[in-house]
Amino acid sequence: MLSFALAVLVYPGLLVAVVAGVALLLVRAFASGAAGGEKGDLIADLRESWQGETIVPDGVSESALTLGSVVAVLAPALALVMLPVPGNPLVTAIGLKGDLVAEGALLLGLPLARLFVGWLTPTPLTRVAADRGVRLIVGAALSLTLSLTAIAQQFNALTIANAPVKSPSGVLIAARVLAAVAFICVLPVLTRSAAIREPGDAGDAAPDELLEVTGRDRFCFRLGEAIQLVAVAGFFLAVFVMPFFSVTPQGAAMAIIWIVGLLLTAVGIGVWDALRRQMPVSDDHPPLTWWLGWPLLIALAALVITAWATRGV
């Protein structure tokens, strides 16, 4: 019971997650600004949201809006608690190894909460944002599922292995690289931020599902984005990066790898935010068109090569 309380409240729970999440969001904003994108003022947004008055839009149930904001914080927090990050007390106490299916579902919790609020709000712009968001999630969920299926096949289990498989074959390494690339394509969708306005179908800034969310509810969503960024980056490291080490790093080396990996992941997402703003956008529902192209092809290739590399094992 004590281990569970420590994991939920302290490490890798809410306390450390909020501090690390805010730090990574700042790194992401800095990288986006350096690459020519939007920086956004996270601290000011959090402060104004916390101090601001919550105004429930007309036609929206206050309890439903509260439910969405709670899920936005709870889902990524649970995903992080269940992740076997170094030093997680639940790993040593009950041997928690992380469930790939549960982790993948929980990482979709915040994007789905955004859609829920978008469809809940009767404003046309918000509904348009929700329709655009669902196309993003449908495509991302497909690539996410295929990449995790390939990794599960390589691990021969639905849990995150604590120790990498030693001496993998060249074909298996190629499969892991493709699975990692497929998951990288999903990162921007899982870590969408209310501070980053994506270009719309006509090239203008697209509306956001949280356009009319104010006060404490907006604060919860922004806080959930911080925790989500930590959970997604940690999941990426644990599942797609650490298995490349033939010997599991220990002590200070492990801490350095995780810190550098988290920072580089945040930087990469920030750079993508900037590049995404500079890309030309057509009028043919680009989110779904994009996902049915290269991301899907890469994910399928990872699954096919994995099946080929692991047959008879």
- [ ] Enumerate the residue pairs fulfilling side chain to side chain donor-acceptor pair (under 3.5 Å) with a member in residues 297-307, sequence neighbours excluded, ordered by first and then second residue.
- [x] Q154-T306
Open item on the list: Working to the nearest 0.5 angstrom, can you tell me the gap between R176 CZ and F155 CZ?
Closed with: 6.5 Å
- [ ] Drop me the distance from L78's CG to L106's CG, to the nearest 0.5 angstrom.
- [x] 6.0 Å
TODO: Determine whether V73 and V10 fall in the same hydrophobic cluster, where Ile, Leu, Val, Met, Phe, Trp and Tyr are linked whenever their side-chain heavy atoms lie under 4.5 Å apart.
DONE: yes
- [ ] Indicate yes or no for a side-chain donor-acceptor contact from T214 to the backbone of I55 under 3.5 Å, with no hydrogens or angles considered.
- [x] yes
Task: Residue list, side-chain contact (heavy atoms from CB on, under 4.5 Å) with V19, at least two apart or on another chain - done: none
Open item on the list: For a 4.5 angstrom cut-off between non-hydrogen side-chain atoms, does V230 reach L24?
Closed with: yes
Task: Selection residues 60-77 - residue pairs positive for side chain to side chain donor-acceptor pair (under 3.5 Å), sequence neighbours left out - done: S61-S63, S69-D217
Open item on the list: With rounding to the nearest 0.5 angstrom, report the CG to CG distance, L229 to L80.
Closed with: 11.0 Å
- [ ] Anything under 30° is parallel, anything over 60° is perpendicular, the rest tilted; go ahead and classify F240 against F235.
- [x] perpendicular
Task: Where at least one partner belongs to residues 102-116, residue pairs that pass salt bridge (charged side-chain N to carboxylate O under 4.0 Å, His left out), sequence neighbours excluded - done: R114-D208, R114-E209, R114-E225
- [ ] Side-chain contact test, heavy atoms from C-beta onward, threshold under 4.5 Å: evaluate it for L15 versus L9 and give yes or no.
- [x] no
Open item on the list: According to side chain to side chain donor-acceptor pair (under 3.5 Å), who are the partners of S49, at least two apart in sequence or on a separate chain?
Closed with: D45
- [ ] Please round to the nearest 0.5 Å and tell me the distance separating atom CD of Q153 and atom CD1 of I305.
- [x] 13.5 Å
- [ ] Of all the heavy-atom pairs spanning P12 and A17, show the shortest one and how long it is.
- [x] O-CB, 4.1 Å
TODO: Flag the pair W294 / V181 as yes when at least one side-chain heavy-atom distance between them is below 4.5 Å, and no otherwise.
DONE: no
- [ ] Compare every heavy atom of V71 with every heavy atom of P76, then report the nearest pair and how far apart it is.
- [x] CD-O, 3.9 Å
Open item on the list: So, using side-chain contact (heavy atoms from CB on, under 4.5 Å) as the criterion, who are the partners of V134 when residues are at least two apart?
Closed with: L115, W119, V138
Open item on the list: Can you give me the closest heavy-atom contact between A77 and L14, atom names plus distance?
Closed with: CB-CD2, 3.9 Å
Task: Passing option when L303 is tested against I151, T149, T145 for side-chain contact (heavy atoms from CB on, under 4.5 Å) - done: T149
TODO: Please confirm whether the backbone N or O of R28 pairs with a side-chain atom of S32, one donor and one acceptor, at under 3.5 Å?
DONE: no
Task: Intermediate values then yes/no, side chain to side chain contact (heavy atoms under 4.5 Å, CB included), I160 and L83 - done: CA-CA 8 Å; I160 302 171; L83 192 65; 3.7 Å; yes
- [ ] List for me each residue that meets side chain to side chain donor-acceptor pair (under 3.5 Å) alongside T123, sequence neighbours excluded, and say none if there are none.
- [x] E212
Task: Single-linkage hydrophobic cluster, 4.5 Å side-chain cutoff, V239 and V241 together - done: yes
Open item on the list: Quick check for you: to the nearest 0.5 Å, what is the distance between L237 atom CG and I259 atom CD1?
Closed with: 11.5 Å
Open item on the list: Within the 4.5 Å heavy-atom criterion, are S143 and C185 side-chain neighbours or not?
Closed with: no
- [ ] Could you tell me whether the side chain of L108 reaches within less than 4.5 Å of the side chain of L144, counting heavy atoms only?
- [x] yes
Open item on the list: Under the salt bridge (charged side-chain N to carboxylate O under 4.0 Å, His left out) definition, can you give me all pairs with a residue in residues 7-20, not counting sequence neighbours?
Closed with: none
- [ ] Give every residue pair that meets the side chain to side chain donor-acceptor pair (under 3.5 Å) criterion with at least one member in residues 180-190, sequence neighbours excluded.
- [x] none
Task: Contact summary for G118 and A130, nearest pair of heavy atoms - done: C-CB, 3.9 Å
Task: side-chain contact (heavy atoms from CB on, under 4.5 Å) partners for V18, two or more places apart - done: V22, L223, I227
Open item on the list: Can you confirm whether L187 sits close enough to W272 that some side-chain heavy atom of one is under 4.5 Å from a side-chain heavy atom of the other?
Closed with: no
Open item on the list: Testing the basics here: between A150 and A179, what is the closest heavy-atom pair and its distance to 0.1 Å?
Closed with: CB-CB, 4.4 Å
- [ ] Determine, using the 4.5 Å side-chain heavy-atom cutoff (strictly less than), whether V81 and V232 are members of one ILVMFWY cluster.
- [x] yes
Task: Contacts of F116 that satisfy ring-ring contact (aromatic ring centres under 6.0 Å, His included) - sequence neighbours left out - done: none
TODO: State whether the side chain of R127 and the backbone N or O of T121 hold a donor-acceptor pair below 3.5 Å, judged by distance alone.
DONE: yes
TODO: Identify, with sequence neighbours excluded, every residue that meets side-chain contact (heavy atoms from CB on, under 4.5 Å) alongside V27.
DONE: L263, A266, V267
TODO: Kindly indicate, with the supporting measurements, whether the criterion side chain to side chain contact (heavy atoms under 4.5 Å, CB included) is fulfilled by I257 and M242.
DONE: CA-CA 9 Å; I257 289 173; M242 296 307 297; 4.0 Å; yes
TODO: Evaluate the criterion side chain to side chain contact (heavy atoms under 4.5 Å, CB included) for residue pair L107 and V186; output intermediate values, then yes/no.
DONE: CA-CA 11 Å; L107 292 179; V186 179; over 6 Å; no
- [ ] With rounding to the nearest 0.5 Å, note down the distance linking CZ in R222 to CG in L25.
- [x] 6.5 Å
- [ ] Consider only side-chain heavy atoms of I, L, V, M, F, W and Y, link residues closer than 4.5 Å, and tell whether I173 and V171 are in one cluster.
- [x] yes
- [ ] Indicate the atoms forming the closest heavy-atom contact of F236 with A180, along with that distance.
- [x] CE1-O, 4.1 Å
Open item on the list: Test of understanding: clusters of I, L, V, M, F, W, Y form through side-chain heavy atoms closer than 4.5 Å, transitively. Do F183 and W258 belong to the same one?
Closed with: yes
